[in-house]
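To start, the structure under review is shown below, and the notes come after it.
Sequence positions, counted from 1, serve as the residue numbers for this chain.
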Amino acid sequence: MRVIAIDGPAGSGKSTVAKALAARLNLDYLDTGAMYRAVAFAAIQKQIRPSEIEEITEIAKSLDLELTEESCVVNGVDATTEIRGPEVTSLVSQVATMPEVRIEMVKRQRAWAETRNGGVMEGRDIGSVVFPDAMLKIYLTASEEVRAARRAAEVKEGDVAIVAADIERRDAVDTQRAASPLVEAEDAIVVDTSAMTLQQVVDHVIGLIP
């Protein structure tokens, strides 16, 4: 399979780079973070609390998810906008720490790639856990200031300081969780996007393809 794994913290440019890269290479694209957001959205819809781990696990296993580059439909409900909203954002890190939820999502992610014979996949554990044999593993990063500014612009939130605090919180949760923490895979190539344009990053990554 021709899998390109792109991991990294929030605001590093993963989604933007992965989409552009997939378009350039004529490959399918999957935002695995959106899958966890879909689970969080479904839990909120059913008024399930974060402490109810078994219930959230069952939601993950039974989730009817239609995810494309442009849309996210969860159990028949268009949640494209809602999965990026503050309510889901505040819950998704907790959902992503649940081992059984991660097992289910990884199973779905592998099946997605197998049916397409690969693709560009981005998230937190693609190179380290989901596809440790990916043909190329990229770990995107950027300075905290740049990441906060990017995310603030993305969510149209004017207060960069608030966004920076949320990114710091998510970084801590993602790197310290017991199940598939955010780490640099041993054979991943680190790309700092702080001072690079999108075109420069995409060109650089394409040049790294074996």
Side-chain angles (χ1 to χ4, degrees), residues 4-23 26-98 100-116 118-126 130 147 150-159 162-163 166-167 169-170 173-174 198:
I4 296 178
I6 299 182
D7 293 308
S12 58
K14 295 188 305 297
S15 297
T16 304
V17 170
K19 287 178 184 177
L21 188 62
N26 196 29
L27 292 173
D28 288 307
Y29 157 77
L30 180 64
D31 173 2
T32 64
M35 298 174 74
Y36 292 98
R37 286 176 175 274
V39 175
F41 171 80
I44 291 169
Q45 290 292 100
K46 294 187 177 183
Q47 299 183 323
I48 304 298
R49 297 186 298 272
S51 59
E52 299 177 283
I53 297 175
E54 290 186 8
E55 288 81 357
I56 293 179
T57 297
E58 285 307 310
I59 284 175
K61 290 180 177 180
S62 63
L63 193 71
D64 180 4
L65 177 61
E66 298 174 36
L67 185 62
T68 70
E69 187 173 325
E70 296 82 20
S71 65
C72 177
V73 178
V74 181
N75 296 328
V77 177
D78 186 345
T80 307
T81 301
E82 285 79 358
I83 65 166
R84 304 295 175 186
E87 193 172 11
V88 169
T89 297
S90 67
L91 177 60
V92 67
S93 289
Q94 295 174 71
V95 168
T97 65
M98 301 175 185
E100 293 301 319
V101 171
R102 298 202 71 85
I103 288 172
E104 175 63 25
M105 294 300 104
V106 168
K107 186 189 307 180
R108 294 187 183 216
Q109 290 156 17
R110 288 173 175 163
W112 179 93
E114 285 167 7
T115 60
R116 294 163 175 79
V120 179
M121 308 178 70
E122 58 106 336
R124 301 289 199 279
D125 63 346
I126 309 305
V130 185
R147 291 197 289 132
R150 286 175 179 167
R151 184 50 56 90
E154 179 181 300
V155 300
K156 296 179 175 58
E157 169 61 60
D159 195 331
I162 292 177
V163 177
D166 183 63
I167 284 179
R169 176 189 63 80
R170 288 188 60 191
V173 172
D174 289 340
L198 172 60

Exercise. Please walk me through it: do M105 and T32 pass side chain to side chain contact (heavy atoms under 4.5 Å, CB included)?
Worked result: CA-CA 8 Å; M105 294 300 104; T32 64; over 6 Å; no
Exercise. Is there a side chain to side chain contact (heavy atoms under 4.5 Å, CB included) between M121 and R110 once you walk through the steps?
Worked result: CA-CA 10 Å; M121 308 178 70; R110 288 173 175 163; over 6 Å; no
For residues 68-81, which side-chain donor-acceptor pairs fall under 3.5 Å, sequence neighbours excluded?
unit_1	atom_1	unit_2	atom_2	d
T68	OG1	E70	N	3.2
T68	OG1	S71	N	3.0
T68	OG1	S71	OG	3.0
N75	OD1	D64	N	2.9
D78	OD1	T80	N	3.0
D78	OD1	T80	OG1	2.6
T80	OG1	C72	N	3.0

Could you give the side-chain donor-acceptor pairs of residues 44-60 under 3.5 Å, partners two or more places apart or in another chain?
unit_1	atom_1	unit_2	atom_2	d
E52	OE1	R49	N	2.7
T57	OG1	I53	O	2.9

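For the atom pair CE (M35) and CD (E104), the distance works out to 8.0 Å, reported to the nearest 0.5 Å. Separation of atoms NZ (K14) and CG (L21) is listed at 14.5 Å; rounding is to 0.5 Å.
Nearest heavy-atom pair across F41 and I83 is CB-CG2, 4.1 Å. Of all non-hydrogen atoms in A40 and L91, the two that sit nearest each other are O-CD2, 3.7 Å. Considering all non-hydrogen atoms of both residues, E122 and A18 come closest at CG-CB, 3.9 Å. A pairwise comparison of heavy atoms in P9 and R147 identifies CB-NH1, 3.3 Å as the closest pair. Here the closest non-hydrogen pair linking Y29 and A22 is CB-CB, 3.8 Å.
Partner of V130 under the side chain to side chain contact (heavy atoms under 4.5 Å, CB included) criterion, chosen from D7, D125, L30: D125.
Here the side chains of R108 and L65 are in contact, with some heavy-atom distance below 4.5 Å.
Residue pairs satisfying the salt bridge (charged side-chain N to carboxylate O under 4.0 Å, His left out) criterion with at least one member in residues 26-40, sequence neighbours excluded, are listed as follows: D28-R116, D31-R84.
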